[in-house]
Student: 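Questions regarding the structure given below will be posed in turn.
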Amino acid sequence: MSEMTKFVSSEQAGPRFDVAVVGAGIVGLAHALAAARAGLRVVVIERDLRANGASIRNFGFITVTGQARGEIWRQARRARDVWGEIAPRAGIAVEHHGLVLNLRRPESVAVAEAFLATEMGEGCELLAVTELKQRYPEIAAPDALGALYSPHELRVDSPSALPRLVDWLARDYGVVFRTGEAVLNVAPPVIETSRGAVFAERAVVCPGDDFATLFPERIEAYRPRRCRLTMLRLADPGFRWPAGVMSDLGLTRYRGYADLPEAQALKRRLEAEQGPHLANGVHLIAVQNADGSLVVGDSHHYDDLPAPFAPAEAETLILDEFEQATGLVPPPVLARWTGVYASSDERGYFVDAPSPEVRLVMVTSGTGASTAFAIGEATIADLCGVPAPVPAPAR
Ligand SMILES: Cc1cc2nc3c(=O)[nH]c(=O)nc-3n(C[C@H](O)[C@H](O)[C@H](O)COP(=O)(O)OP(=O)(O)OC[C@H]3O[C@@H](n4cnc5c(N)ncnc54)[C@H](O)[C@@H]3O)c2cc1C
């Protein structure tokens, strides 16, 4: 029991909440949404003035196709539906739909064909090169052999979407946001913070890549690492981007493809042809903002202490892959940034129970924007004994 727990009684406290959520990143907000929709009184406590980490530095690419087969893929489908449902209510614009993954090697076509033969391929198509050039002439590389098309994805602009989500949760569900307040200890009903105590029956801790502040020994058991990504914003290419765009490199990175046996031959070829890209964890995602600018990335460097500097080599390699995959000369770079997320080779996320009233939730695969709403629903159902929403039948 901490000092704070000893001397603050619940009678002294302000409102008592059903659920306290620590962290206002997308994972925390997803839990706040699930709890609020179950009719619970919710407080979110965030140490920054608002989310400023992975959740607003990402592509905002709500990705279904390519997610790891099984649970994560199913979560992504459910979370995509939640995004689709709440975006208009919260005033969040969906910038574009779908995914075009350009295929430039026969080995990539073989992976796409194998993918389409699985249950994950439902609704997706293999576009022959003529069809690719007809449907998406602006982004078809001269040496493209075709493309994998998926209709399932959504793209939101996270830096504007998250504040809108916060406003909507506060306005329509009465969720209370306490910002600029660090949580120091979680022992319901007392949540000890840098500004005093908050009282809640239960708590969900969603600390992103902070492994040191709350339940560090519990987090350590899952052996997460930190992964640093390099991101770019490029000037408007002069046309509406038709969908999220990816390239061959994504087929060996995203587990929904990479775990297929056919990916091995592609991996060998990419190792021979694009060693520096693989060494820097570079693959391509390119999406568009409402103002026409593109968000393009990324690289992956794993380190317990992520370096503060974006490596120039990674930028060069990302721009090279953009040009190879789309046939476009990259528009000028307008902005550069890095982002860090929790990562694990062993699992895509974990939900730990430090006590019956507390859950610790961490997405460890760089997929939080795509899966958090589904994880939030399941965690709140388990923690609070409320029924999980029934997902609509798979489309
Ligand atoms: C560059 C980049 C690109 C990405 N692209 C995509 C993408 O396109 N699609 C996708 O699905 N995923 C993507 N991801 C992954 C996704 O962004 C993350 O999985 C997700 O944002 C993690 O959300 P989070 O809420 O756990 O973490 P965070 O966003 O880091 O939020 C955690 C919050 O908790 C707060 N906090 C921590 N400890 C405390 C404490 N003790 N007290 C109070 N507050 C605390 C922090 O201040 C922080 O605001 C990307 C990530 C990066 C970095």
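In what follows, every heavy atom counts, from backbone to side chain, and hydrogens, waters and symmetry copies are set aside. Order of appearance sets the numbers: ligands from 1, and atoms from 1 within every ligand.
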Student: Is it the case that ligand 1 has an N or O less than 3.5 angstrom from some N or O of N52?
Tutor: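 It does not: no N or O of N52 is found under 3.5 Å from an N or O of ligand 1.
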
Student: Looking only at non-hydrogen atoms, which of F211, Y341, F215 approaches atom 51 (C) of ligand 1 most closely?
Tutor: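 Among F211, Y341, F215, the closest heavy atom to atom 51 (C) of ligand 1 comes from Y341.
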
Student: Could you establish whether V340 and ligand 1 come within less than 4.0 Å of each other, counting only heavy atoms on the residue side?
Tutor: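 A heavy atom of V340 does come that close to ligand 1.
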
Student: Do any nitrogen or oxygen atoms of V183 lie less than 3.5 angstrom from nitrogen or oxygen atoms of ligand 1?
Tutor: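 V183 vs ligand 1: N/O contact under 3.5 Å present.
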
Student: Do any nitrogen or oxygen atoms of R47 lie less than 3.5 angstrom from nitrogen or oxygen atoms of ligand 1?
Tutor: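 Yes, R47 has an N/O under 3.5 Å of an N/O on ligand 1.
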
Student: For ligand 1, is R228 a contact, meaning one of its heavy atoms is under 4.0 Å away?
Tutor: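 Outside the 4.0 Å threshold, so no.
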
Student: Using distance alone, decide if ligand 1 has a nitrogen or oxygen within less than 3.5 Å of any nitrogen or oxygen in G368.
Tutor: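 There is such a contact, yes.
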
Student: Please report the closest heavy-atom contact between V64 and E153, naming both atoms and the distance.
Tutor: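 Minimum heavy-atom contact is N-OE2, 2.9 Å.
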
Student: Only heavy atoms of L229, strictly under 4.0 Å: list the atoms of ligand 1 that pass.
Tutor: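 This gives 1 (C), 2 (C), 53 (C) as the contact atoms.
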
Student: Is a side-chain N or O of R226 found less than 3.5 angstrom from the main chain of D304, in a donor-acceptor match?
Tutor: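 Yes: the side chain of R226 pairs with the backbone of D304.
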
Student: Regarding ligand 1, does D298 bring an N or O atom to under 3.5 Å of one of the ligand's N or O atoms?
Tutor: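 Between D298 and ligand 1 (N or O atoms, distance only) the closest approach is not under 3.5 Å.
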
Student: Say whether Q75 and Y349, considering side chains only, have a donor N or O and an acceptor N or O under 3.5 Å apart.
Tutor: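 Yes - a donor-acceptor pair under 3.5 Å links their side chains.
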
Student: Decide whether N280 and S299 meet the rule of one side-chain donor and one side-chain acceptor closer than 3.5 Å.
Tutor: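 Absent: no donor and acceptor within the cut-off.
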
Student: Counting both backbone and side chain atoms, is some N or O of D209 under 3.5 Å from an N or O of ligand 1?
Tutor: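 In this structure, D209 places no N or O atom under 3.5 Å from an N or O of ligand 1.
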
Student: For I45, take its heavy atoms, then give the atoms of ligand 1 lying under 4.0 Å from any of them.
Tutor: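 In order of number, 43 (C), 44 (N).
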
Student: Quick check: does S370 get an N/O under 3.5 Å from an N/O on ligand 1?
Tutor: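 In this structure, S370 places an N or O atom under 3.5 Å from an N or O of ligand 1.
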
Student: Would you tell me which option among A369, G25, S55, G28 has the nearest heavy-atom contact to atom 22 (C) of ligand 1?
Tutor: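 When every heavy atom of A369, G25, S55, G28 is considered, S55 comes closest to atom 22 (C) of ligand 1.
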
Student: Just which atoms of ligand 1 are under 4.0 Å from any heavy atom in E181?
Tutor: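 Every atom of ligand 1 under 4.0 Å from some heavy atom of E181: 43 (C).
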
Student: So does R228 get a backbone contact from the side chain of T338, meaning a donor-acceptor N/O pair under 3.5 Å?
Tutor: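 Absent.
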
Student: Locate the shortest heavy-atom distance separating A34 from I380; write the atom from each residue and the value.
Tutor: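 So the two residues come closest at CB-CG1, 3.8 Å.
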
Student: Report yes or no: does S293 contribute a side-chain atom to a donor-acceptor pair with the main-chain N or O of D291 at less than 3.5 Å?
Tutor: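 No.
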
Student: Which atom names give the shortest non-hydrogen contact between G25 and L162, and what distance separates them?
Tutor: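 What the structure gives for the nearest pair is C-CD2, 4.3 Å.
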
Student: Could you work out, for atom 49 (O) of ligand 1, the closest of R155, R57, E46 by heavy-atom distance?
Tutor: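 Looking at heavy atoms only, E46 sits closest to atom 49 (O) of ligand 1.
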
Student: Considering only heavy atoms of I26, which atoms of ligand 1 have at least one such atom less than 4.0 Å away?
Tutor: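 What qualifies from ligand 1 is 20 (C), 21 (O), 23 (O), 25 (O).
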
Student: Does only the side chain of M231 get under 4.0 Å from ligand 1, or the backbone, or both, or neither? Count heavy atoms.
Tutor: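 For M231, only side-chain atoms sit under 4.0 Å from ligand 1.
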
Student: Any N or O on G339 sitting closer than 3.5 Å to an N or O of ligand 1?
Tutor: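 Between G339 and ligand 1, no N or O pair is found under 3.5 Å apart.
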
Student: How about T65 and S150: does a side-chain donor come under 3.5 Å of a side-chain acceptor?
Tutor: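 S150 and T65 do have a side-chain donor-acceptor pair below 3.5 Å.
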
Student: Give a yes or no answer on whether the side chain of H152 reaches the backbone of R77 with a donor-acceptor pair at less than 3.5 Å.
Tutor: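 Not a single qualifying donor-acceptor pair exists.
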
Student: Just to confirm my output: which protein heavy-atom neighbour is closest to atom 4 (C) of ligand 1, and how far is it?
Tutor: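 Protein heavy atom with the smallest distance to atom 4 (C) of ligand 1: N58 CB, 3.0 Å.
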
Student: Out of G180, G208, C227, whose heavy atom sits nearest atom 30 (O) of ligand 1?
Tutor: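 Ranked by closest heavy atom to atom 30 (O) of ligand 1, first place is G208.
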
Student: Measure from atom 24 (P) of ligand 1 to every heavy atom in V27, T367, I62, T230 and give the option owning the shortest one.
Tutor: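 Heavy atom nearest to atom 24 (P) of ligand 1 belongs to V27.
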
Student: Polar contacts were defined as any N/O atom of the residue lying under 3.5 Å from an N/O atom of the ligand; does this apply to V22 and ligand 1?
Tutor: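 N/O-N/O distance below 3.5 Å does not exist for this pair.
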
Student: Verify, without hydrogens or angle tests, whether Q288 (side chain) and F239 (backbone) share a donor-acceptor contact under 3.5 angstrom.
Tutor: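 Between the backbone of F239 and the side chain of Q288 there is a qualifying donor-acceptor contact (under 3.5 Å).
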
Student: H283 pairs by ring-ring contact (aromatic ring centres under 6.0 Å, His included) with which of Y257, Y254, F59, F322?
Tutor: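 Result for ring-ring contact (aromatic ring centres under 6.0 Å, His included) with H283: Y254.
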
Student: Identify the two heavy atoms, one from P237 and one from G292, that lie closest to each other, and give their separation to 0.1 Å.
Tutor: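 For P237 versus G292, the nearest heavy atoms are CD-O, 3.3 Å.
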
Student: Examine A54 against ligand 1 and note whether any of their N/O atoms are separated by less than 3.5 Å.
Tutor: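 Yes, since at least one N or O of A54 sits under 3.5 Å from an N or O of ligand 1.
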
Student: Within the 4.0 Å heavy-atom shell around G23, which atoms of ligand 1 are there?
Tutor: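 Answer, ordered by atom number: 33 (C), 34 (O), 35 (C).
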
Student: Under 4.0 Å between a Lys/Arg side-chain N and an Asp/Glu carboxylate O for E125 and R135?
Tutor: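 A salt bridge links E125 with R135.
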
